[in-house]
Each structure stands twice: as C-alpha cells, then as structure tokens.
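Notes for the one structure printed next.
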Amino acid sequence: MKYRRLGNTGLKVSEISLGSWLTYGKTVEENTAEQTIHKAYELGINFFDSANVYERGEGERVMAKALKEYSRNSYVITTKAFGPMGEGPNDRGLSRKHVTEQVHASLKRMNLDYIDIFYCHRYDKETPVEETLRAIDDLIRQGKILYAGVSEWSAAQIEEAVRIADRRLLDRIVVNQPVYNMFNRYIEPEIIPTSEKHGIGQVVFSPLAQGVLTGKYKRNQMPENSRAANESINMWITNMLNDDAFTKIEKLESLANELDITLPSLALAWVLRQPNVASALIGASKPSQVEENVKAIDVVLTEEIVNRIEEIL
C-alpha cells in the first residue's frame, strides 16, 4: 500500500480507502462485511469511512466492530452528520445541537473514544457556518474529533468556512469528500484549485462510478445480484447506464487491455493522478473486490495515456 498526506496535515492515509455506503449494514451480510474489512486492513488500507445515516448507524457499527481487534492507532475512521436521524425538527442539519448529539451517538455506536475525521455531510443553508464550526472546534478541543471535513461543498462554501475559521481562530477543515470519477469531473475547475490554495485534500467517493467503471455492465445486459439490479440501491447508477457511457467504457476497456491492466485499475489510477486527491474511496461487498482494487496503486499513467483517456472521455 502507498500512503499520502491528507491535505496539509501530518495525517497519512492509504491511497485506497474503504467505505460502507450502500453495503455494510444493508446489502452485505455482516460476516462477509467483516471479512472484507479484514482483507482491506491486511492489504494495508488504514482509512475506513462511514456516516451516521448509513442505515441509521448500522454501517458505523459493522465497520467499527470489524476494526476493534486492531490497534486503534493503526487505522483512521470517519463519520458524518447532516441527514435525518429521526422525525423531529432538530434531528437533521448542522446545528450545534445536532452535531454534538450525533458525534456522541456515533462514538457510542462504534465504541470509540474519538473519531479521526468528522465530516459535515452536506452544506446546511439553515445553520450559520460559524455555529457549525464552533461546535466542531469544541469537540476537537474535547478530544472527541481529531480533524474536520466537509462533503460535497462548493468552492464558495469551502472559502466561506476557511474565512470564518481564520477570523475566529477555529480549527480549519482539512478534507473535502466529493464524488469524482471519469464520468463526473465537476471538482476540477474550482474545488481542487480552492482546496489546494487552503491546504485541503480530497477523499473522493464513487471513483468507479458506482460500478459502471468496473466493466461488469454490458450493453443490454444486467448482471444478477449487481447494484444496478437491486432496486433498493440503484437509484443513481441506472442514470449512468446509457449508450454514450457504454461507448466510452468499451474504448476504456480496450485501452486497459492494451496496458495489461483491468478497467477498475485504470479508472482508479486516473483518479489518483490528481495530487490533491489523498485517497480513492471504494465500496466492496466481498474481499476479492478489495484485492482487485488495490492493484491500482502500482499503475502509473504516462502523459500519453492520460491524453488518450481524455480523448475517449
């Protein structure tokens, strides 16, 4: 495994990280989930991601349970808050009340003393950013959170958070978690330059476009037991399975074959070509998928290959 600094911090995270969205506590049987997490750890992955809303805490519980047998200082674990965790008016968002309550609830579910990285899962238009940052700063000072991050915030929203933190001498956000893959590159024009300016690293989710870039989906074919065939979790992936995408996938797969690597390795290496990306966050429902995906860290894309990929995309 290879490791990168997270933004301008001293924290080192594995180039491939493992998440629990749509998998652990939901579609993957718990024993298989634990085996998958163990395999990731054995392969050198030290970065594990979850959120309170992943099956109302089940994703957190399963992941933390599997990691419990390892030394706490050997892995980095994250969680998030923003989405609804109940029916009450204060059971969502980024108010001081909700953030504080959810951090404590996550710590209890995961049986941890501290969370390495806490993310604001989305931007909350109804709560002043300073209120949220002060609540997180308090939790950092209490030792319950080590680093602060955001997910899917715009460049302007990131700028706002940095400006307020600097003015009020609060802990800055150090990481952003956006979607980023060959088919979704929205962070390139503004978010990456803004983040680089402020020492913020990217931990990108859906680097394989929810499995579209694995090559397992073919024109007019829907593999059984796949994410796209599961109506409970296919609300995003089905929109990506179109003729234009399949044309690109076929060309990318041909290029991968020419390089004697798999399409997932090509897609992950392409994401990791970005120096501002600290880690590519994968999902895996079985150990063999983790074994396949970590091979990407040894793939070096030349400028010529990057340009060929650009032509295809």
Side-chain angles (χ1 to χ4, degrees), residues 4-11 13 17 19 21 47 49-53 76-85 90 92-104 106 114-180 184-206 274-279 281:
R4 298 185 182 186
R5 286 176 61 201
L6 185 65
N8 279 353
T9 75
L11 184 65
V13 296
S17 45
W21 178 52
F47 197 13
D49 181 85
S50 195
N52 62 344
V53 292
V76 175
I77 194 166
T78 81
T79 193
K80 313 176 187 74
F82 172 79
M85 290 295 287
N90 292 308
R92 66 195 68 206
L94 295 175
S95 68
R96 174 182 286 274
K97 177 177 173 62
H98 189 64
V99 166
T100 302
E101 290 171 348
Q102 290 308 306
V103 166
H104 285 99
S106 291
Y114 64 91
I115 295 160
D116 292 287
I117 299 171
F118 172 78
Y119 291 100
C120 299
H121 209 162
R122 293 294 185 269
Y123 185 84
D124 184 359
K125 296 178 181 178
E126 297 184 352
T127 301
V129 173
E130 182 171 338
E131 177 182 340
T132 301
L133 294 180
R134 281 192 177 278
I136 293 172
D137 188 77
D138 286 345
L139 290 161
I140 289 175
R141 290 172 185 272
Q142 294 166 21
K144 295 171 181 175
I145 294 171
L146 302 187
Y147 300 94
V150 297
S151 179
E152 293 282 76
W153 283 30
S154 70
Q157 290 163 349
I158 291 171
E159 286 274 10
E160 178 188 12
V162 170
R163 186 173 63 251
I164 291 171
D166 287 352
R167 187 169 68 240
R168 301 302 187 191
L169 300 180
L170 305 172
D171 261 70
R172 274 187 173 199
I173 59 173
V174 300
V175 57
N176 177 46
Q177 189 180 110
V179 60
Y180 183 55
N184 190 336
R185 305 172 63 176
Y186 86 95
I187 65 173
E188 292 179 352
E190 293 185 347
I191 290 174
I192 286 181
T194 296
S195 297
E196 287 177 333
K197 180 174 69 173
H198 296 300
I200 297 168
Q202 311 297 316
V203 174
V204 301
F205 71 87
S206 200
Q274 283 279 4
N276 188 236
V277 170
S279 186
L281 180 59

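These numbers come from a predicted model, not from an experiment.
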Closest non-hydrogen atom pair between G93 and D124, with its separation: CA-OD2, 3.4 Å
Point-to-point distance, once rounded to the nearest 0.5 Å, from CG of D137 to CG of D171: 5.0 Å
Side chains of Q157 and V150 in contact at under 4.5 Å (non-hydrogen atoms): no
Side chain to side chain contact (heavy atoms under 4.5 Å, CB included) evaluation trace for R92 with F82: CA-CA 5 Å; R92 66 195 68 206; F82 172 79; over 6 Å; no
Rounded distance [0.5 Å steps], CG in N276 versus OG1 in T194: 10.0 Å
Smallest separation among heavy atoms of S17 and V203, with atom names: OG-CG1, 4.3 Å
Residues E101, K97: salt bridge by 4.0 Å N-O rule: yes
Q102, K80, H98 screened by side-chain hydrogen bond (donor to acceptor under 3.5 Å, both in side chains) with N52, the one that passes: Q102
Working for side chain to side chain contact (heavy atoms under 4.5 Å, CB included), residues D49 and W21: CA-CA 8 Å; D49 181 85; W21 178 52; over 6 Å; no
Any R168 side-chain heavy atom under 4.5 Å of R134 side chain: yes
Criterion side chain to side chain contact (heavy atoms under 4.5 Å, CB included) against F47, the qualifying member of L281, T78, D116: T78
Shortest non-hydrogen contact from I173 toward A161: CD1-CB, 4.2 Å
Lys/Arg N to Asp/Glu carboxylate O, R96 vs D138, below 4.0 Å: yes
Derivation and outcome, side chain to side chain contact (heavy atoms under 4.5 Å, CB included), residues Y186 and E152: CA-CA 10 Å; Y186 86 95; E152 293 282 76; 2.4 Å; yes
Test applied, side chain to side chain contact (heavy atoms under 4.5 Å, CB included); reference residue, Y147; option that passes from I140, L11, I115: L11
Sub-4.5 Å side-chain heavy-atom contact between V99 and L139: yes
Minimum-distance pair of heavy atoms, taken over all atoms of Q177 and F205: O-CE2, 3.7 Å
Distance in Å, K144 NZ paired with H104 NE2, rounded so as to fall on 0.5 Å steps: 2.5 Å
Heavy-atom pair with the smallest gap, counting every atom of R172 and D166: NH2-OD2, 2.7 Å
pair E131-S95: side-chain heavy atoms closer than 4.5 Å: yes
4.5 Å side-chain heavy-atom contact, W153 and I191: no
More than 12 heavy atoms from other groups under 6.0 Å of CD on E188: yes
From CD (E196) to CD (Q202), nearest 0.5 Å: 8.5 Å
Nearest heavy atoms of L94 and T132, plus distance in Å: O-OG1, 2.7 Å
CZ (R141) with more than 12 external heavy atoms under 6.0 Å: no
Distance (rounded to the nearest 0.5 Å) between F118 CZ and H121 NE2: 10.5 Å
Working for side chain to side chain contact (heavy atoms under 4.5 Å, CB included), residues E159 and H198: CA-CA 8 Å; E159 286 274 10; H198 296 300; 3.0 Å; yes
